[in-house]
Amino acid sequence: MAGYVDWMRDAVADARLALDSGDVPVAALVLAADGTVIGRGRNERELRQDPTAHAEVVAIRAAAATTGDWHLTGATLVVTLEPCVMCAGAILSARIPRVVFGAWDEKAGAAGSVYDVLRDRRLNHRAEVVAGVEADACAALLLEFFAERR
């Protein structure tokens, strides 16, 4: 887990940028096999008025544009919140073999909490899941965001 802490801290910094548009502060990075960031994304649903503009989808689109290939077979996705079902589907479709996330999503998570889409053996692709990296920092940002809206 120690190898992903710096990347997760980078993602948390990006997640704070989502606050400027009123979006839920979630961010994702796609790393190439050598650790180079090939895609970045943060939630932009409010900014774009696009229900699919979750951080993971934005980052995957950016990585595919960077590499010129939608097959992200050597990549790692680092995201501050456990992916939802839609994002898990995008991750598997992009053939990303490893997902590292921070905070658990007990309401909509699809990487082990509510569902486990990323590791479902019935599907033709699966991903390794590394959970809880910098979980407290990731969760605190979300808790602060939602507390301000209540």
Side-chain angles (χ1 to χ4, degrees), residues 1-19 21 23-142:
M1 254 208 292
Y4 297 113
V5 169
D6 289 339
W7 294 120
M8 189 61 74
R9 288 179 179 160
D10 190 10
V12 169
D14 280 356
R16 290 184 192 286
L17 300 174
L19 295 170
S21 60
D23 278 290
V24 177
V26 176
L29 308 172
V30 178
L31 309 174
D34 67 0
T36 304
V37 176
I38 57 173
R40 286 182 182 272
R42 61 180 178 269
N43 277 357
E44 296 181 348
R45 292 188 315 167
E46 298 298 328
L47 179 68
R48 296 178 188 228
Q49 290 302 298
D50 177 354
T52 68
H54 287 205
E56 299 94 325
V57 172
V58 174
I60 289 168
R61 287 176 179 158
T66 297
T67 63
D69 192 351
W70 64 267
H71 297 88
L72 300 174
T73 55
T76 297
L77 179 88
V78 176
V79 61
T80 58
L81 180 65
E82 179 184 5
C84 69
V85 172
M86 177 186 71
C87 293
I91 291 162
L92 295 178
S93 292
R95 312 299 197 262
I96 296 173
R98 182 176 308 101
V99 175
V100 177
F101 71 85
W104 290 93
D105 185 344
E106 299 296 334
K107 293 182 180 179
S113 63
V114 179
Y115 304 102
D116 201 354
V117 174
L118 293 177
R119 295 179 285 199
D120 191 323
R121 296 216 170 269
R122 296 170 293 181
L123 300 173
N124 59 340
H125 297 284
R126 284 168 289 291
E128 172 191 355
V129 174
V130 179
V133 176
E134 290 292 288
D136 291 342
C138 295
L141 186 57
L142 291 162

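Keep in mind that this is a model prediction, so the values were computed, not measured.
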Check whether any side-chain heavy atom of Glu134 sits under 4.5 Å from a side-chain heavy atom of Val5, and report yes or no.
yes

Report yes if the side chains of Glu44 and Arg42 come closer than 4.5 Å at any heavy-atom pair, otherwise no.
yes

How far does OG of Ser93 sit from CG of Asn124, to the nearest 0.5 angstrom?
8.5 Å

Salt bridge Asp120-Arg122, side-chain N to carboxylate O under 4.0 Å
yes

Can you tell if the side chain of Val99 reaches within under 4.5 Å of the side chain of Thr76, non-hydrogen atoms only?
no

In short, Ala11 meets Ala27 closest at the heavy-atom pair O-CB, 3.2 Å

Which pair of heavy atoms, one from Ala111 and one from Trp104, lies closest together, and at what distance?
O-CZ3, 4.0 Å

Nearest heavy-atom neighbours spanning Leu77 and Ala28:
CD1-CB, 4.2 Å

Contact check, side chains of Arg9 and Tyr4, non-hydrogen atoms, under 4.5 Å:
no

Stepwise side-chain contact (heavy atoms from CB on, under 4.5 Å) check, Tyr115 with Val85:
CA-CA 8 Å; Tyr115 304 102; Val85 172; 3.6 Å; yes

Are the side chains of Trp7 and Val133 in contact, using a 4.5 Å heavy-atom criterion?
no

For the atom pair CZ (Arg126) and CG (Asp116), what is the distance rounded to the nearest 0.5 Å?
11.5 Å

Pro83 and Ile91, any side-chain heavy atoms less than 4.5 Å apart:
yes

Between Ala135 and Gly102 the two heavy atoms that sit nearest each other are CB-O, 3.5 Å

Heavy-atom closest pair (Leu92 atom, Ala127 atom, distance to 0.1 Å) is CD2-N, 4.1 Å

Evaluate side-chain hydrogen bond (donor to acceptor under 3.5 Å, both in side chains) for Ser113 paired with Glu106, printing each intermediate quantity in order.
CA-CA 6 Å; Ser113 63; Glu106 299 296 334; 4.8 Å; no

Which residue in the set Thr66, Thr73, Thr67 passes side-chain contact (heavy atoms from CB on, under 4.5 Å) when paired with Asp69?
Thr67

CA sep, side-chain torsions, deciding dist, call: Ser21, Asp23, side-chain hydrogen bond (donor to acceptor under 3.5 Å, both in side chains):
CA-CA 5 Å; Ser21 60; Asp23 278 290; 2.7 Å; yes

Taking atom NE2 of His71 and atom CZ of Arg95, what is their separation to the nearest 0.5 Å?
5.5 Å

Within the side chain of Glu82, is there an N or O that forms a donor-acceptor pair under 3.5 Å with the backbone of Gly112?
yes

Is there side-chain contact between Pro25 and Asn43, with at least one heavy-atom pair below 4.5 Å?
no

Quick check for you: to the nearest 0.5 Å, what is the distance between Leu118 atom CG and Leu123 atom CG?
9.5 Å

With respect to Leu31, which candidate in Val37, Val100, Leu72, Thr36 satisfies the side-chain contact (heavy atoms from CB on, under 4.5 Å) definition?
Val37

Check whether more than 12 heavy atoms from other residues, nucleotides or ligands sit under 6.0 Å from atom CG of Asp34, and answer yes or no.
yes

What distance separates Asp136 CG from Leu141 CG, expressed to the nearest 0.5 Å?
12.5 Å

To the nearest 0.5 angstrom, please state how far the CG atom of Leu81 sits from the SG atom of Cys138.
8.5 Å

side-chain contact (heavy atoms from CB on, under 4.5 Å) between Val78 and Val30, worked out
CA-CA 6 Å; Val78 176; Val30 178; over 6 Å; no

Any Arg40 side-chain heavy atom under 4.5 Å of Asp14 side chain
yes

Ignoring hydrogens and angles, write down the donor-acceptor pairs under 3.5 Å from the side chains of residues 51-61, residues two or more places apart or on other chains.
{"from": "Thr52", "atom 1": "OG1", "to": "Asp50", "atom 2": "OD1", "distance (Å)": "2.7"}
{"from": "Thr52", "atom 1": "OG1", "to": "Asp50", "atom 2": "OD2", "distance (Å)": "3.3"}

